[in-house]
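Input: a single structure, listed below in structure tokens.
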Number of protein chains: 2
Amino acid sequence: MTVPPGRRERKKAATRQRIADTALRLFLDRGYDAVGIRDVAAEADVAVTTVFSHFASKEALVFEQDEDFEQRLVRAVTDRAPHEPFLPALRREVRAMVRHCTGDDAAPIWRMVDASPALRQYEESMRLRHAESLAVAVAADLGLARTTTACRAMARFVADAHALAREADDPDTAVDEVFRMIEAAWDAARPFGAPSGTAGS
Amino acid sequence: MTVPPGRRERKKAATRQRIADTALRLFLDRGYDAVGIRDVAAEADVAVTTVFSHFASKEALVFEQDEDFEQRLVRAVTDRAPHEPFLPALRREVRAMVRHCTGDDAAPIWRMVDASPALRQYEESMRLRHAESLAVAVAADLGLARTTTACRAMARFVADAHALAREADDPDTAVDEVFRMIEAAWDAARPFGAPSGTAGS
DNA sequence: AACGTAACACTAACGGTTAGTGTTTCGGAA
DNA sequence: TTCCGAAACACTAACCGTTAGTGTTACGTT
């Protein structure tokens with residue numbers, strides 16, 4: 001992770017990035033559906049199979065930073081200030097992520113996503129993966145042996161918050177609104193004794 | 001809807017049912033991935049295109065009663081007893097739906113679904129559609145002009161409840177647990193004045 | 001310098017899905 | 001009753017995402 005990467009890994013990363021950039025450019029130019037994998041491969045000057053060795057599917061070309069988002073959610077919990085409840089930390093992170101999505105530079109991408117059923121579906125399944133990771137992280141943070149139903153529900157609610165806010169007219173307000181609901185839900189769920197305003201979670 | 005259906009419509013429904021039954025039988029026999037659309041079409045004695053004129057995708061063959069489930073959710077709200085809050089009604093309905101999924105006769109189907117990523121993804125996107133319909137129904141029930149963020153969040157939470165409970169060790173308890181969270185979330189969301197125990201919602 | 005491995009290329013195919021083009025069958029209007 | 005239009009259905013042929021199989025390079029390592 002911290003060792004200097006060799007030429008091989010640099011080349012691999014470069015190829016991956018070239019493919020992703022090419023794909024995104026073509027998608028935005030001609031439309032997602034109008035561009036085939038063969039087009040992307042030709043334009044990036046690689047073989048079709050090489051595309052699929054770097055990306056699991058055509059949709060994954062668009063959500064290139066998938067894992068970054070997942071890590072951000074998990075780290076918002078694990079790396080938060082000591083004694084801070086995790087929900088406010090999550091709220092901040094979700095708000096930042098939504099802001100990033102609705103920013104001017106990313107807006108064309110998300111307009112494309114909204115226009116394509118396949119991409120929307122992929123986005124949702126991605127979000128579910130993130131929610132599962134978040135549930136695991138929260139359960140671990142609480143010292144639970146396994147991810148309880150309450151943890152998983154809360155994590156899904158957070159994912160829902162992201163999805164709803166991204167589409168809302170006023171994303172910031174939507175995040176706050178849904179997170180108020182989530183905080184109440186979490187308070188109602190936990191048999192952990194302490195109310196949400198105090199330490200422990 | 002209530003007029004006696006003509007021969008044409010009966011034939012169409014019969015063909016649809018024959019295709020669905022054949023598909024499900026083959027899927028359970030040989031496995032979802034091992035059965036192709038061409039196999040289903042041949043066994044049901046129809047053309048491949050006919051299959052796709054009745055079902056939008058291969059996955060839709062498995063979730064044949066998709067719209068039934070959607071209607072049940074919506075009707076749980078619209079047809080509930082007067083003055084009853086809608087959340088308890090929804091909870092009953094979700095509990096019944098989960099019971100039906102985990103029943104002995106339906107169990108093989110859901111085992112197949114759990115084994116196939118494609119089917120799981122389809123199930124989730126189906127659930128999102130149901131959630132949207134539910135959000136619209138609830139907004140209408142509350143006399144709102146449009147589906148607010150709170151309504152949509154709550155509807156997604158209900159969908160999450162279904163998803164989580166279906167996979168939980170103890171489905172009934174899981175439904176109760178998540179619905180306790182949802183009731184608290186809803187109470188926190190609404191600026192409607194009345195608490196959840198009273199009339200109005 | 002030689003070896004093992006991982007990235008990449010190429011062909012060919014598989015399977016879901018659709019377009020295009022008829023053909024039959026039925027319900028309703030004339 | 002007769003005819004017309006629409007809808008169900010069939011058939012071919014493809015498109016496109018995806019993968020298996022098989023090499024071929026290029027790199028890190030010993």
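Throughout, a chain's letter reflects where its sequence line sits, starting with A, and its residues are numbered from 1. Just so it is clear, the values below take in all heavy atoms, side chains as well, and ignore hydrogens, waters and symmetry mates.
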Do the charged groups of Arg166(B) and Glu123(B) touch, with an N to O distance under 4.0 Å?
yes
Qualifying residues under side chain to side chain donor-acceptor pair (under 3.5 Å), relative to [X], sequence neighbours excluded:
| X | value |
| --- | --- |
| Asp176(B) | Arg91(B), Arg95(B) |
| Asp68(B) | none |
| Asp45(B) | none |

Protein-nucleic acid N or O pairs under 3.5 Å, nucleotides 7-10 of chain C:
{"from": "dA7(C)", "atom 1": "OP1", "to": "Lys12(A)", "atom 2": "NZ", "distance (Å)": "2.5"}
{"from": "dC8(C)", "atom 1": "OP1", "to": "Thr15(A)", "atom 2": "OG1", "distance (Å)": "2.7"}
{"from": "dC8(C)", "atom 1": "OP2", "to": "His54(A)", "atom 2": "NE2", "distance (Å)": "2.4"}
{"from": "dA9(C)", "atom 1": "OP2", "to": "Ala47(A)", "atom 2": "N", "distance (Å)": "2.8"}
{"from": "dA9(C)", "atom 1": "OP2", "to": "Thr50(A)", "atom 2": "OG1", "distance (Å)": "2.4"}
{"from": "dC10(C)", "atom 1": "N4", "to": "Thr49(A)", "atom 2": "OG1", "distance (Å)": "2.8"}

Separation of atom [atom1] in [X] from atom [atom2] in [N], rounded to whole Å:
| X | N | atom1 | atom2 | answer |
| --- | --- | --- | --- | --- |
| Asp33(B) | dC14(C) | CG | C1' | 13 Å |
| Leu61(B) | dG16(C) | CG | C1' | 11 Å |
| Ile37(B) | dG17(D) | CD1 | P | 19 Å |
| Phe52(B) | dC15(D) | CZ | P | 18 Å |
| Lys58(A) | dG16(C) | NZ | P | 19 Å |
| Phe27(A) | dG17(D) | CZ | C1' | 11 Å |

Sequence neighbours excluded and cut-off under 3.5 Å, please list the side-chain donor-acceptor pairs for residues 152-160 of chain B, or say none.
{"from": "Arg152(B)", "atom 1": "NE", "to": "Glu132(B)", "atom 2": "OE2", "distance (Å)": "2.9"}
{"from": "Arg152(B)", "atom 1": "NH2", "to": "Glu167(A)", "atom 2": "OE1", "distance (Å)": "3.0"}
{"from": "Arg152(B)", "atom 1": "NH2", "to": "Glu132(B)", "atom 2": "OE2", "distance (Å)": "3.3"}
{"from": "Arg156(B)", "atom 1": "NH1", "to": "Asp160(A)", "atom 2": "OD1", "distance (Å)": "3.4"}
{"from": "Asp160(B)", "atom 1": "OD1", "to": "Arg156(A)", "atom 2": "NH1", "distance (Å)": "3.4"}

Could you go through residues 52-59 of chain B and list every donor-acceptor pair under 3.5 Å that involves a side-chain atom there, pairing it with any protein atom two or more places apart or in another chain?
{"from": "Ser53(B)", "atom 1": "OG", "to": "Thr50(B)", "atom 2": "O", "distance (Å)": "2.8"}
{"from": "Ser57(B)", "atom 1": "OG", "to": "Ala60(B)", "atom 2": "N", "distance (Å)": "3.3"}
{"from": "Lys58(B)", "atom 1": "NZ", "to": "Tyr32(B)", "atom 2": "O", "distance (Å)": "3.1"}
{"from": "Lys58(B)", "atom 1": "NZ", "to": "Val35(B)", "atom 2": "O", "distance (Å)": "2.9"}
{"from": "Glu59(B)", "atom 1": "OE2", "to": "Tyr32(B)", "atom 2": "OH", "distance (Å)": "3.4"}

For Glu59(A) and Arg38(B), find the nucleotide of DNA chain D closest to each by heavy atoms; which residue's nucleotide sits nearer the 5' end?
Arg38(B)
